[in-house]
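Below is one structure, written out as structure tokens, with a few remarks after it.
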Protein chains: 4
Amino acid sequence: MTVARAGGRPPKKEAVRADGIDRRARLLAVAAELFATQGYAGTTVRDIADKSGILPGSIYHHFSSKEDMLDVILRDFLSPLYEGFSEIERQGDDPREALSKLIRVSFAWIVEAPHAVAVYQSESDNLIGQEAFEYVADYSLKIEQIWLRVLTAGQTSGVFRPDLDIKVSYLFIRDSIWSSVRWYRPGGQLTSESVAEEFLALAFHGLL
Amino acid sequence: MTVARAGGRPPKKEAVRADGIDRRARLLAVAAELFATQGYAGTTVRDIADKSGILPGSIYHHFSSKEDMLDVILRDFLSPLYEGFSEIERQGDDPREALSKLIRVSFAWIVEAPHAVAVYQSESDNLIGQEAFEYVADYSLKIEQIWLRVLTAGQTSGVFRPDLDIKVSYLFIRDSIWSSVRWYRPGGQLTSESVAEEFLALAFHGLL
Amino acid sequence: MTVARAGGRPPKKEAVRADGIDRRARLLAVAAELFATQGYAGTTVRDIADKSGILPGSIYHHFSSKEDMLDVILRDFLSPLYEGFSEIERQGDDPREALSKLIRVSFAWIVEAPHAVAVYQSESDNLIGQEAFEYVADYSLKIEQIWLRVLTAGQTSGVFRPDLDIKVSYLFIRDSIWSSVRWYRPGGQLTSESVAEEFLALAFHGLL
Amino acid sequence: MTVARAGGRPPKKEAVRADGIDRRARLLAVAAELFATQGYAGTTVRDIADKSGILPGSIYHHFSSKEDMLDVILRDFLSPLYEGFSEIERQGDDPREALSKLIRVSFAWIVEAPHAVAVYQSESDNLIGQEAFEYVADYSLKIEQIWLRVLTAGQTSGVFRPDLDIKVSYLFIRDSIWSSVRWYRPGGQLTSESVAEEFLALAFHGLL
DNA sequence: GATGAATGAGCGTTCATTCAT
DNA sequence: TATGAATGAACGCTCATTCAT
């Protein structure tokens with residue numbers, strides 16, 4: 001792309017493919033942003049095409065359907081998210097450190113892929129029961145199991161308070177973190193890290 | 001309705017009006033449920049009509065538009081919600097007690113009007129910038145100010161930890177609570193009160 | 001209506017019928033005005049009801065349909081219009097005088113029943129071919145025949161110019177007159193009579 | 001269209017664009033005809049689509065709304081109409097000749113674009129007050145001013161009778177001419193020119 | 001007579017998607 | 001790949017009309 005092509009030769013296959021990948025990635029980014037801000041049902045294929053500078057029909061050269069775009073957005077988010085959480089668990093830190101890592105990684109994702117996070121948070125409920133999106137619930141469950149194992153270990157080892165309902169605590173913590181995608185804006189006074197630390201302080205020690 | 005009508009006399013105007021109010025209320029309940037579960041954009045007027053056993057056109061005798069239904073649902077929720085929070089603040093309890101009350105009342109609303117809560121949570125972002133729904137942001141702000149005053153008072157009086165960012169803490173707490181509408185099911189093992197107590201324990205004392 | 005009714009007795013049948021006739025007449029007047037200004041297709045039964053201070057359903061106690069209202073408006077206009085023209089022809093004036101009378105009566109109708117004139121002018125074309133409105137074309141034809149007889153007699157007797165196409169002249173004159181309902185406003189500087197005289201001057205002597 | 005394409009080559013972009021323009025033009029022609037015969041309010045988008053052999057939704061690839069079609073029809077008619085009248089005034093003929101030209105051009109338009117004329121005549125009253133159609137009244141006014149200037153000049157120079165009210169005479173003449181679109185059928189015994197001459201004779205010299 | 005809720009057909013319009021070019 | 005025209009289903013909504021009260 002930055003290398004001059006001499007003699008007006010037609011673009012190489014390499015370049016074409018790069019363009020194609022770019023176009024596809026750009027379409028996904030636009031779709032994710034619109035799905036995140038207007039909702040999936042509230043976003044039209046024309047919206048995506050307009051914002052991408054192409055015509056609606058052209059989108060179907062890259063994706064088989066609007067639903068397909070949602071599918072790719074969710075897979076591209078959930079797969080590395082799960083892998084990241086798995087990797088943390090595999091590292092075998094003590095529960096307090098493991099939980100801190102899970103939380104910090106979550107906040108990192110909110111900065112890294114805010115639109116995907118927002119789409120996941122807003123739409124995953126609506127997708128329950130749709131065969132093509134079963135994997136969303138599967139990932140959610142496997143992620144939940146990782147967190148629950150860490151929390152349980154912490155309670156067993158006595159580092160977390162014994163009187164808390166682990167499952168309920170997890171749900172409160174999970175929603176607290178992911179919901180912050182709706183109000184956290186990078187570039188403001190709060191860095192992603194400081195939000196994570198703020199949350200850790202609150203979650204570990206409470207208000208009192 | 002519970003009083004027997006002697007002699008088979010036709011229902012009085014009272015009864016007719018009750019029917020009308022009932023129908024309207026039933027339509028609102030159906031709409032709220034569908035908006036909550038499928039999203040506002042994902043719900044069609046036909047969906048509401050079908051589930052209510054009438055024809056789509058008949059809805060327009062009771063509401064001027066689909067948007068009007070959303071409007072009524074949100075107003076009917078936000079107005080008493082705000083009033084309830086205001087009343088708590090007016091009672092002048094110490095900050096810890098006041099916050100406990102705010103939290104317990106919030107969880108009570110989730111049981112009382114889960115669909116309205118879910119609609120408020122899911123749709124209020126999309127409504128920003130729509131003149132007809134400015135009041136939603138207004139109420140949200142006024143509610144936020146009540147919570148922030150209580151939290152600030154608690155920090156000033158030394159009962160809440162001084163190192164927390166009040167605004168950020170509020171946002172975490174708020175989202176934690178309202179998001180539970182997505183997973184809490186009354187009638188299960190957890191009563192509404194026990195969820196509130198669980199949350200209070202977590203929020204006040206933390207995991208450690 | 002102005003006579004006090006003693007003892008709270010219910011209104012007599014006479015009064016009731018008068019009310020009924022009034023209501024019907026008022027509905028017709030409102031309908032005619034709306035049909036004239038918005039067109040028949042562009043006027044809703046609700047428009048008529050709103051402007052009459054009743055509910056749409058109540059109109060059907062007085063008229064069997066919206067079309068029925070149009071029917072009554074046109075009949076109430078066309079029948080006396082035709083009778084008036086017939087009477088003029090029957091008077092046996094010389095053609096110039098007869099034509100003057102036809103023209104003056106036409107302008108009188110525009111003041112007397114401007115809405116009916118406008119409805120007749122705007123809608124009669126659309127009604128061609130509708131069995132229920134055949135009488136409109138019938139009246140139009142019979143009226144045309146009266147005018148043509150007068151014009152032909154005038155040409156035969158030498159008072160009207162021999163080189164004019166009688167039929168075409170009639171159509172020009174007819175449309176000129178009836179169209180003035182769209183711009184003539186009684187109460188302004190021009191009286192109905194002066195418009196008629198202006199037209200007579202133009203039609204009889206021309207611009208030159 | 002008249003040039004043979006050798007070798008069965010597929011149509012070039014030129015042809016595609018021509019198709020597009022054709023389709024749009026054909027839709028406009030159909031819409032104008034239906035608006036003229038059934039009225040704008042009395043014509044459905046489905047009517048236009050049916051008569052054009054396409055589906056209702058396809059119309060929206062060419063026009064943004066039904067109202068847009070009316071807008072294009074009126075603009076495409078009024079703009080050249082006004083330009084034609086302007087050009088006549090610019091030629092600086094004596095008033096009698098100028099008026100003759102205005103009248104002859106008007107009748108030519110009735111043959112050239114009868115549907116647009118009929119739509120203009122029937123609907124322009126209903127459009128008053130609609131911001132998007134202000135230009136219709138603007139054009140009408142500017143056209144009226146041209147005619148009034150010619151008539152006034154004729155009266156000043158003594159060629160037109162001094163006792164006529166110029167404005168009223170204009171309105172009678174205008175409506176006479178445009179209304180003929182409702183009855184004049186080209187291809188019959190009367191040519192467009194002969195109708196114009198008939199009208200000129202009547203308007204200039206009168207019946208007597 | 002009037003009401004108000006309901007009907008069922010149809011309105012203008014939008015949508016995701018297809019496909020010849 | 002991109003285009004632009006088309007599709008067919010569905011959308012939110014309006015309409016004339018009905019009818020029990």
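We use all heavy atoms of the structure for the numbers below, so side chains are in, but hydrogens, waters and symmetry mates are not. Here is the naming used below: chain letters follow the sequence lines, and residue numbers restart at 1 for every chain.
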Next item on the list: Indicate yes or no for a side-chain donor-acceptor contact from B/S124 to the backbone of B/Y120 under 3.5 Å, with no hydrogens or angles considered.
Entry: yes
Note to self: Between C1' on E/dT14 and CZ on D/F63, what's the gap in Å once rounded to a whole number?
What the structure shows: 18 Å
Next item on the list: Take the protein atom CG of B/L55 and the nucleotide atom P of F/dC19, then report the distance between them rounded to whole Å.
Entry: 15 Å
Note to self: Tell me whether D/K66 forms a cation-pi arrangement with D/Y60, defined as NZ or CZ under 6.0 Å from the six-membered ring centre and within 45 degrees of its axis.
What the structure shows: no
Check: Rounding to a whole Å, what distance do you find between A/D50:CG and F/dT3:C1'?
Finding: 14 Å
Next item on the list: State, yes or no, whether a side-chain contact exists between D/L127 and D/Q130 at a heavy-atom distance under 4.5 Å.
Entry: yes
Margin query: Using a 4.0 Å heavy-atom cut-off, does D/I59 contact any base of the nucleic acid, only the sugar-phosphate backbone, or nothing at all?
Written below: nothing
Notebook entry, point to check: Under 3.5 Å, is there a donor-acceptor pair between the side chain of D/T43 and the main chain of D/G39?
Noted result: yes
Note to self: Nearest 0.5 angstrom please: D/Q38 CD to D/S122 OG, how far?
What the structure shows: 12.5 Å
Notebook entry, point to check: Atom CG of B/D22 to atom C1' of E/dG4: distance rounded to whole Å?
Noted result: 16 Å
Next item on the list: May I ask you to verify if any side-chain N or O of B/H62 is less than 4.0 angstrom from the OP1 or OP2 atom of E/dG4?
Entry: no
Next item on the list: Calculate the interatomic distance between C/D68 atom CG and F/dT18 atom P; express it in whole Å.
Entry: 12 Å
Check: Is the side chain of D/R24 donor-acceptor paired with the backbone N or O of D/H62 at a distance under 3.5 Å, no angle test?
Finding: yes
Note to self: Looking at C/I54, is its backbone amide N or carbonyl O close enough to the side chain of C/S58 to form a donor-acceptor pair, meaning the two atoms are under 3.5 Å apart?
What the structure shows: no
Check: Rounded to whole angstroms, how far apart are CG on A/L34 and P on E/dA16?
Finding: 12 Å
Notebook entry, point to check: What string of B, S and - do you get for nucleotides 11-17 of chain F 5' to 3' if you count protein non-hydrogen atoms under 4.0 Å?
Noted result: SSBBSSB
Note to self: In whole Å, I'd like the distance from the CZ atom of D/R23 to the P atom of E/dA20.
What the structure shows: 16 Å
Notebook entry, point to check: Starting at the 5' end of DNA chain E, what dot-bracket string do you get if Watson-Crick and G-U pairs under 3.5 Å are bracketed, crossing pairs use [ ], other-strand pairs use | and unpaired bases use dots?
Noted result: .||||||||||||||||||||
Next item on the list: State plainly whether the residues C/K51 and C/D47 are in salt-bridge range, i.e. N to O under 4.0 Å.
Entry: no
Check: Sub-3.5 Å donor-acceptor pair from the side chain of C/Y40 to the main-chain atoms of C/E67, do we have one?
Finding: yes
